[in-house]
Amino acid sequence: MPKALQPHPDRALPAGAARDVARRIHASTKDLPLLCLHGHVDIGLFADDAPFGNPAELLVVPDHYVTRMLISQGVSPDKLGLPRRDGRQTAEPQEIWREFCTNWHLFLGTPSRYWLEHEFAEVLGLTVHPSAETADELYDQIMARIAEPEFRPRALLDRFNIELISTTDAATDDLAQHAKLAADLPGRVVPTFRPDAVAHVDRDGWPALIAQLGALADVDTSTYDGFLQAIRQRRQAFVAAGARATDHGHLSAAAVPLTDAEAGRIYARALKGDGTAEDAAAFAGHMLYQSAVMSAEDGLVMQLHPGVLRDHDPAIFATYGPDQGHDIPVATEFTRSLRPVLERFGHAEGFRLVLFTVDETVYSRELAPLAGVYPAVRLGAPWWFLDSPDGMRRFRELVTETAGFYNTSGFVDDTRAYLSIPARHDLARRIDAGYLADLVVQHRLDEDDALQIAKALAYDLAKDTYLSNR
């Protein structure tokens with residue numbers, strides 16, 4: 001018989017004396033609205049509001065957590081439907097789904113397993129685990145479910161109790177889809193300004209992007225001064241569209257300003273195709289600093305999540321393009337790197353910097369002390385490789401004693417996998433409930449205080465971090 005799919009009601013809660021306390025804490029937060037203010041869901045889902053295509057496109061192909069695990073076990077990217085640069089056809093959706101179901105056991109012990117079980121049982125209403133034997137049956141069940149009108153992307157906003165969700169949008173995005181949504185769903189889906197592509201002069205096609213940026217802003221970007229003016233104008237367009245934050249995914253946290261003359265020289269050389277790797281690194285750090293300057297002016301919360309070496313596998317990059325999940329964390333330094341920004345803006349009213357990391361070694365050594373002294377700094381929730389049950393627990397254990405609870409941003413889900421959003425928030429609320437319950441049974445915290453903190457971590461702090469700055 002197929003194995004029943006029945007997520008345990010106490011999943012991820014602590015054992016022993018703390019469990020009953022954790023149940024009460026989780027019960028107090030589980031129905032709070034979701035604020036999804038560091039998200040990467042495709043804006044087209046909401047603008048078009050079309051039915052989802054099929055289970056493979058919904059749950060496998062776009063999920064890097066899923067595809068990288070399968071590839072690590074020797075499954076060809078073609079069998080998982082990763083789109084190829086050359087446009088050649090890869091596997092059919094039902095074949096992709098069968099490959100995933102056959103290898104379901106590979107996700108045991110991973111957060112992907114937790115999220116997917118939540119999605120299958122509580123969102124899709126499935127009752128058996130994926131397997132080679134159940135793959136076709138589950139495929140048909142999911143196809144029927146996603147054809148229902150109440151399973152359209154906009155309808156799911158209400159079902160998931162999402163109060164506000166942000167997308168991530170390039171500086172060169174014309175925001176036309178957001179304009180459509182502003183009329184249909186005012187104040188529900190907002191953009192986030194991500195200037196990475198135009199801040200890195202060594203990106204493929206950078207001069208063309210700069211020309212596109214200038215056309216959108218109606219500014220001559222042939223000079224560095226014009227470039228900065230265009231960035232400021234695009235930020236204002238995002239503010240007008242409801243944006244609350246910027247997002248910066250640099251390799252290094254270095255935010256070191258150059259002189260205007262040197263920045264201008266690097267910019268001019270890059271436009272001619274004469275830049276060097278050293279130029280690119282220096283200009284990226286300079287633009288992080290300039291982004292802080294602009295955030296202090298316009299109030300957009302500045303989110304920084306450095307420390308990931310993108311596209312580590314050149315063969316995957318050459319065949320399938322960028323951002324296919326072959327990204328690896330590297331050690332990251334924050335204290336010296338951010339000193340120029342914090343010297344100028346660390347105590348500035350109206351400036352907020354949210355720091356994310358995939359380097360756990362800096363939690364207690366650098367991030368907690370920075371957040372524990374600079375009013376501008378908040379610590380972002382564990383993300384990517386660390387948004388796991390144990391990873392989130394370690395975050396609380398390592399930062400709380402120095403930074404407390406209220407110097408963190410609250411939970412934001414950081415995902416492009418739309419159906420996983422409620423699962424991710426639920427897991428974070430369970431982990432926080434367990435951590436707080438342990439403090440209660442150790443008599444380090446009153447239960448009334450724990451209930452108040454749990455609400456802050458689940459909802460209030462995200463609202464304060466992202467929505468109170470402007």
J.: Are more than 12 heavy atoms from other residues, nucleotides or ligands located less than 6.0 Å from atom CD of Glu401?
T.: no

J.: So, are Asp10 and Arg23 salt-bridged, with charged N and O less than 4.0 Å apart?
T.: yes

J.: Treating Arg352 as the side-chain partner and Glu349 as the backbone partner, does any N or O pair qualify as donor plus acceptor under 3.5 Å?
T.: no

J.: Who passes ring-ring contact (aromatic ring centres under 6.0 Å, His included) against Tyr114, sequence neighbours left out?
T.: none

J.: Ring centres of Phe46 and Tyr418 under 6.0 Å apart?
T.: yes

J.: Is the closest basic N to carboxylate O distance between Asp438 and Arg393 below 4.0 Å?
T.: yes

J.: If the condition is side chain to side chain donor-acceptor pair (under 3.5 Å), which residues does Glu117 pass it with, not counting sequence neighbours?
T.: Arg113

J.: Please check if the number of heavy atoms outside His443 that lie under 6.0 Å from its NE2 is greater than 12.
T.: no

J.: Should we count NE2 of His347 as having more than 12 external heavy atoms under 6.0 Å?
T.: yes

J.: One thing to verify: whether Arg24 and Asp20 come together as a salt bridge, which I'm taking to mean a side-chain N less than 4.0 angstrom from a carboxylate O.
T.: no

J.: What is the ring orientation for Tyr289 with Phe345, classed by angle as parallel under 30°, tilted 30 to 60°, or perpendicular over 60°?
T.: tilted

J.: Determine, for Asp274 against Arg269, whether the closest basic-nitrogen to carboxylate-oxygen distance falls under 4.0 angstrom.
T.: no

J.: Is it true that the side chains of Trp383 and His305 contain a donor and an acceptor less than 3.5 Å apart?
T.: no

J.: State whether the number of non-hydrogen atoms from other residues, nucleotides or ligands found under 6.0 Å of Arg336 atom CZ is greater than 12.
T.: no

J.: Partners of His118 by ring-ring contact (aromatic ring centres under 6.0 Å, His included), sequence neighbours excluded?
T.: none

J.: Any side-chain donor-acceptor pair under 3.5 Å between Ser420 and Arg424?
T.: yes

J.: State whether a side-chain donor-acceptor pair under 3.5 Å links Ser409 with His38.
T.: no

J.: For Glu343, is the CD atom crowded, meaning more than 12 foreign heavy atoms sit under 6.0 Å from it?
T.: yes

J.: Within the supplied structure, the quantity of interest is the number of heavy atoms (other residues, nucleotides, ligands) at a distance under 6.0 Å from Arg339 CZ; does it exceed 12?
T.: no

J.: Is the positively charged end of Arg265 above the ring of Tyr224, judged by distance under 6.0 angstrom from the centroid and angle within 45° of the axis?
T.: no

J.: Short question: side chain of Thr29, backbone of His26 - any donor-acceptor pair under 3.5 Å?
T.: yes

J.: Between Glu122 and Lys30 (salt bridge meaning N to carboxylate O under 4.0 Å), is one present in this structure?
T.: no

J.: Donor-acceptor pair, distance only, cut-off 3.5 Å: does the side chain of Tyr65 make one with the backbone of Trp384?
T.: yes

J.: Would you say Thr172's side chain and Leu209's backbone share a donor-acceptor pair under 3.5 angstrom?
T.: no

J.: May I ask you to decide whether Arg394 forms a salt bridge with Glu397, counting only side-chain N to carboxylate O separations under 4.0 Å?
T.: no

